Structures are given as structure tokens and as C-alpha cells.
Amino acid sequence: MQPIYEGKSKRLFATENPDELIMQFKDDATAFNAEKHAVFADKGRLNCAISNLIYGMLAKEGIPTHFVRLLDDTRVVVKKVDILMVEVIVRNVAAGSYCKRTGVAEGTAFGAPVLEFSLKSDALGDPLINDDYIRELALATPEELAFLRRSALKVNELLSAFFLKAGLRLVDFKLEFGRLATDPATIVLADEISPDGCRLWDVTTGEKMDKDRFRRDLGNFMESYAEVLKRAQHALEN
Ligand code: TMP
Ligand code: ASP
């Protein structure tokens, strides 16, 4: 079957239900706008498992998501959405592009979460944008933008507490949202939540347990993802 959409780490397939899609996690890893690319056996399964576990936790806490049901190790059925072309990034600790942009040392904790938006465009390299850009580009209405902010901060609270139970510090993460095909007035959390789009540091050793291992060639890339999954499963049960 041909995908209706193929991204860097996932494929989307149509289903008999026009309001639902199948999302398949691939084994591909990319970084720096796909300048760097490699395939890692089992990555799709690990990210699918981690993402589903987190989506389940968030749904239980009242966060509306695109998740419908698990199909198998690498595929989930999701509600069809129109993805908002704005990526929402939340930071608790300085890292990555924040450090590059400001010169602040990696690991500097923030007094309060730093919320940031970027334009979802690989061609443009996902540039940083602000509220006024979002208005002029008609990416979201002021009400939708307020909802994105509130949701992202709420997700940050829930995710930070959850990962802490797993012995992981949630440094930063990226969220994507979509308008439901069946009801465009309703926005839900979409895409994946995995170590591809989060920075996670071991609480005691500070060791990086996320895609920075690939970006920076730190080794033990999939071993770290497997460890994140193991710890997240344990945190869920306790
Ligand atoms: P950054 O420090 O490179 O801006 O990344 C912040 C967080 O957002 C980090 O956890 C990785 C995630 N992210 C993505 O998931 N996709 C992207 O395209 C980018 C640039 C960042
Ligand atoms: N997700 C982007 C890419 O795959 C950037 C990154 O995560 O470093 O190129």
C-alpha cells in the first residue's frame, strides 16, 4: 500500500474510514534538517511504544489526542487531522538551539518554562517565529494560539512529572497539534512524543538519553531509547 504522506520518521496511510489514518513509525533517524540520516533497527518499534505510552498517560490526564488504537509494534490508528504549521517547543533547561541563539551554557535551568514557536517547514529549516508571524501567516487564530500555549504548558507539567518518576529530566520537547477532520474547531495533540522530539537527561548522571546521541555521535543510541522505554513502563506501573 502506498502512503498518502511520508515524513522523515513516519508514514501515513489511508484507511477505509475517511476520518482515520494509520501512522507507521520508521527506523530512520534524521538530524539537522535531514542533512544527517541513518537507519537503526528497532527504532520504529521503540518510538511507537514510547509515544503510545505517553499518549495514554496524557489522555488519562484529560489531554485530547489523535490516538485511536494500537495496530501492531510500529503502527497506530489515529484521527485524521489538519496539522497546524506551527511547532510548539517548551524548554525547562537551556540546550540545543536556545544555547546557540543566546550563548547561555547548556544545562542552565530556567525560572519558568520557555515557550517557543517555529514554522513547520523543512525547506526553511523550521525558523523561530512569534505571535505576530503566526497572525500574519494565518497559522492559528488568537484563540487557537492561546489554546496551544495552555496545552503545551499543561503537557510540560504532566510530562516533566512523569519522566521524573522515570529518573529522567525533561529538558525540552516539541509538540504538534492538529484540527480534527471531523470537527476543525477542535484541536488535538498529534504527531509523536518520543526521544526524537524530546531532550531527556538522566537525573543523577546527566547522561543524554535522546536523539542528541545521534546528532552528536555519542553512541548507544538505540540502547538509550530502550532504556527510556523500560523506565517509562516502570514509571507507569508505579
Ligand atoms: P532545538 O534546541 O534544536 O530547537 O530543539 C528543541 C527541542 O525540539 C528538542 O527536544 C528537539 C525538538 N525538535 C524536534 O522535535 N524537531 C525539530 O525539527 C527540531 C528543530 C527540534
Ligand atoms: N527533526 C529535524 C531533522 O530530522 C531536526 C532535528 O531533530 O535535529 O532534521
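Just so you know, these numbers come straight off a predicted model, no measurement behind them. Order of listing sets the numbers, starting from 1, for every ligand and every atom in it.
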How close does the nearest protein non-hydrogen atom get to [atom], and which residue and atom is it?
{"atom": "atom 5 (O) of ligand 1", "answer": "R199 NH1, 3.5 Å"}
{"atom": "atom 4 (O) of ligand 2", "answer": "T30 OG1, 2.2 Å"}
{"atom": "atom 14 (C) of ligand 1", "answer": "K174 CE, 3.5 Å"}
{"atom": "atom 4 (O) of ligand 1", "answer": "S97 OG, 2.5 Å"}
{"atom": "atom 18 (O) of ligand 1", "answer": "D126 OD2, 3.1 Å"}
{"atom": "atom 2 (C) of ligand 2", "answer": "K8 NZ, 3.6 Å"}
{"atom": "atom 1 (N) of ligand 2", "answer": "K211 NZ, 3.6 Å"}
{"atom": "atom 10 (O) of ligand 1", "answer": "D172 OD1, 2.5 Å"}
{"atom": "atom 8 (O) of ligand 2", "answer": "R215 NE, 2.8 Å"}

Check this for me, if you would: do [X] and [Y] make a salt bridge, where the nitrogen-to-carboxylate-oxygen distance has to be below 4.0 angstrom?
{"X": "D19", "Y": "K80", "value": "no"}
{"X": "R91", "Y": "E116", "value": "yes"}
{"X": "D212", "Y": "R199", "value": "yes"}
{"X": "K165", "Y": "E237", "value": "no"}
{"X": "R213", "Y": "E207", "value": "yes"}
{"X": "D191", "Y": "K10", "value": "yes"}
{"X": "E144", "Y": "R179", "value": "yes"}
{"X": "D202", "Y": "R169", "value": "no"}

Per-atom contacts of ligand 2 with A34, taking only distances under 4.0 Å to non-hydrogen atoms: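 Per the distance check, 3 (C), 9 (O).
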
Counting from 1, what ligand 1 atoms have a heavy atom of [X] closer than 4.0 Å?
{"X": "R91", "result": "1 (P), 2 (O), 4 (O), 6 (C)"}
{"X": "C198", "result": "10 (O)"}
{"X": "G197", "result": "10 (O), 12 (C), 15 (O)"}
{"X": "R215", "result": "11 (C)"}
{"X": "G96", "result": "2 (O)"}

F40 ring center within less than 6.0 Å of F214 ring center: yes

Heteroatom distance test (N33, ligand 2): nitrogen or oxygen, under 3.5 angstrom: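 N/O-N/O distance below 3.5 Å exists for this pair.
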
Verify atom 7 (C) of ligand 1: protein non-hydrogen atom under 4.0 angstrom away: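 It does; a protein heavy atom is within 4.0 Å.
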
Closer than 4.0 Å: a protein non-hydrogen atom to atom 12 (C) of ligand 1: yes

Spatial distance of atom CG (L139) from atom CG (L119) [nearest 0.5 Å]: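 Spacing of CG (L139) from CG (L119) equals 6.0 Å.
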
Qualifying residue for salt bridge (Lys or Arg N to Asp or Glu O under 4.0 Å) with K43, from D196, D27, D28: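 Looking at D196, D27, D28, the match for K43 under the salt bridge (Lys or Arg N to Asp or Glu O under 4.0 Å) is D196.
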
